[in-house]
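Beneath this line is the structure, given in structure tokens, with notes to follow.
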Amino acid sequence: MAVDYLVIVVYLAGMLAMGWWGMRRARSKSEFLVAGRRLGPAMYSGTMAAIVLGGASTIGGVGLGYQYGLSGAWMVFTIGLGLLALSVFFSARIARLKVYTVSEMLDLRYGGGRAGIISGLVMWAYTLMLAVTSTIAYATIFDVLFDLNRTLAIVLGGSIVVAYSTLGGMWSITLTDMVQFVVKTIGVLLLLLPIAVVKAGGFAEMKAQLPTEYFDPLGIGGETIFTYVLIYTFGMLIGQDIWQRVFTARSDRTAKWGGTIAGTYCLAYALAGAVIGTAAKVLYPKLGSPDDAFATIVKDELPMGVRGLVLAAALAAVMSTSSGALIACATVANNDIWSRLRGTGADAPAGDHDEVKGNRAFILLMGLAVIGTAIAIDNVVEALTVAYNLLVGGLLVPILGGLVWKRGTVYGALASVVVGGVAVVVLMATHGILANEPVYYGLLASLAAYVIVSPATPATDAAVLAAWRERLAGRSPELASEPVPASQ
């Protein structure tokens, strides 16, 4: 294992070095939070794929393949579909807004009001739980690597992510995510996938050893697939962690086509994870938990050195999602909650140094909160389910409605967030956190509130809508202060 340890140590040291290098580039708020809005297609597509394919997509995707066969790909597949839908239909408009958070978009569209801060609180809770669940995954990986106890593993992995994220903000995260994308591609797609299939005897042997249901593309069940679409596909459309990456694009064309490439990559990654899990079922038919499939096949079937690289790929998957969720959480906490409580908006004048310093402090503060919460929480699935249910049930309708329906009003948006959020919370209390009903009926309640209240209340002011259209077209005079994207 000495070579494997060396691979991991070099990888972790490289992450910290990139954080230090990124600190030299993050001189302004725009540079720190959205990498100066100047990522080209290659960097954009690689980092977008890195953030959406985290530990759940890698370790969890293999586990679903172990449990259900090829249809286990559906969870990650719906993530890819969501990213494709976002990129093709919405990313160009989102990129042209030149904002930093989803709540700022709601303020622009509806003319401010309480909907912004309420949506900020919901988005903050979602990004916090997303960062927490990603951080908990370090316990699994470092247990395999170094036999560390759970708390020490979370502190070690979380501290590295907090360190490089705090140092350089989005620039550091972009650089590390690009490396993590390459490591994941090599480790999972080019090494683990073919080795797992060969070790299992090839596809013919896998078909001979396993029930036919393992090769049924719908074997996981139609209701489960529908739930995945509601939670993950729609979640991709509105999450702050995803939008903040869209804001980094150099142009709306980069956002559209770079995101399309990333979404297509996700579809391939989904199938790869399911195939690896199916191969693991042949090799280890009686594992205690499906989520043990990834670690078991890596430990027992891969040669020294390769094993270290594949474990680094799993670590990369966790770190990319964790860092993306962390900066999103800090951005929302600072721009959408703290600034409003102080009575200063996101556009309040401040020196670049003060802006970077303040955002850096919030990343550090949120990072400590994430590590502490990760240590305290035991049920990862329930925590993530709560986050996604609130996100989709409370925010999907007012966000997408604002983009496609000009009659939507601030009162309709506020009613949608409150009614949908309350419905989700009540239904989780009565039906259970992991039930499907909270997101189903919460989303319907949110939609009903939006379409009923909006026409019944005064239309959005014409000046607000005119400014919104100008911003969508990229012609807003407020954009003059944004840095001109440099060629890459």
Side-chain angles (χ1 to χ4, degrees), residues 82 85-123 126 229-230 233-240 242-243 246-247 252 255-256 336 340 345-347 389-424 439-479:
L86 174 71
S87 301
V88 172
F89 298 113
F90 300 108
S91 65
R93 280 180 280 180
I94 292 170
R96 287 195 292 264
L97 290 175
K98 296 295 189 291
V99 293
Y100 293 101
T101 69
V102 174
S103 293
E104 289 178 16
M105 167 264 169
L106 292 174
D107 282 347
L108 281 172
R109 168 60 182 82
Y110 296 112
R114 294 176 183 173
I117 192 167
I118 293 176
S119 66
L121 289 169
V122 174
M123 192 64 76
Y126 158 73
V229 170
L230 281 184
T233 301
F234 287 162
M236 287 294 106
L237 297 179
I238 58 174
Q240 170 68 25
I242 309 303
W243 277 42
V246 175
F247 300 151
D252 52 6
K256 181 176 181 178
D336 295 338
R340 294 170 192 264
D347 297 324
N389 282 353
L390 286 173
L391 177 72
V392 175
L395 294 183
L396 178 71
V397 171
I399 292 172
L400 295 189
L403 289 170
V404 302
W405 190 35
K406 66 179 181 180
R407 187 60 182 86
T409 69
V410 65
Y411 302 103
L414 182 60
S416 179
V417 173
V418 172
V419 171
V422 169
V424 164
V439 71
Y440 290 174
Y441 297 119
L443 186 57
L444 287 175
S446 178
L447 178 62
Y450 188 71
V451 298
I452 291 172
V453 174
S454 288
T457 53
T460 304
D461 187 88
V464 171
L465 286 178
W468 166 254
R469 287 191 291 269
E470 287 294 298
R471 198 58 112 45
L472 279 179
R475 296 191 298 266
S476 174
E478 287 87 353
L479 304 186

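Because only heavy atoms are used, hydrogens play no part in the values below, and waters and symmetry mates are left out as well, while side chains stay in. What you see is a predicted model, and the numbers here were worked out from it, not measured in a lab.
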Once rounded to the nearest 0.5 Å, what's the spacing between atom [atom1] of [X] and atom [atom2] of [Y]?
X	Y	atom1	atom2	answer
D252	L472	CG	CG	11.0 Å
K256	F90	NZ	CZ	12.5 Å
L237	L395	CG	CG	12.5 Å
L108	L465	CG	CG	11.5 Å

Quick check: closest heavy atoms across [X] and [Y], and the distance to 0.1 Å?
X	Y	value
G421	L390	O-CD2, 4.2 Å
P398	V417	CG-CG2, 3.8 Å
L391	I238	O-CD1, 3.5 Å
V424	G393	CG2-CA, 3.9 Å
V102	I399	CG1-CD1, 3.3 Å
T101	Q240	CA-OE1, 3.2 Å

Among all residues two or more places apart in sequence or in another chain, which pass the side-chain hydrogen bond (donor to acceptor under 3.5 Å, both in side chains) test with D461?
none

What residues form a side-chain hydrogen bond (donor to acceptor under 3.5 Å, both in side chains) with T409, not counting sequence neighbours?
T457

[X] (side chain) donor-acceptor with [Y] (main chain) under 3.5 angstrom:
X	Y	value
S416	A449	no
W243	S91	no
R109	V410	no
Y411	V453	no
E104	D336	no
S103	G120	yes
T460	G408	yes
R471	A467	no

Minimum side-chain heavy-atom gap [X]-[Y] below 4.5 Å:
X	Y	answer
L86	M236	no
M123	L106	no
L443	F234	yes
I94	F247	yes

Tell me, which pairs form a ring-ring contact (aromatic ring centres under 6.0 Å, His included) where one or both residues lie in residues 441-471, sequence neighbours left out?
W405-Y450

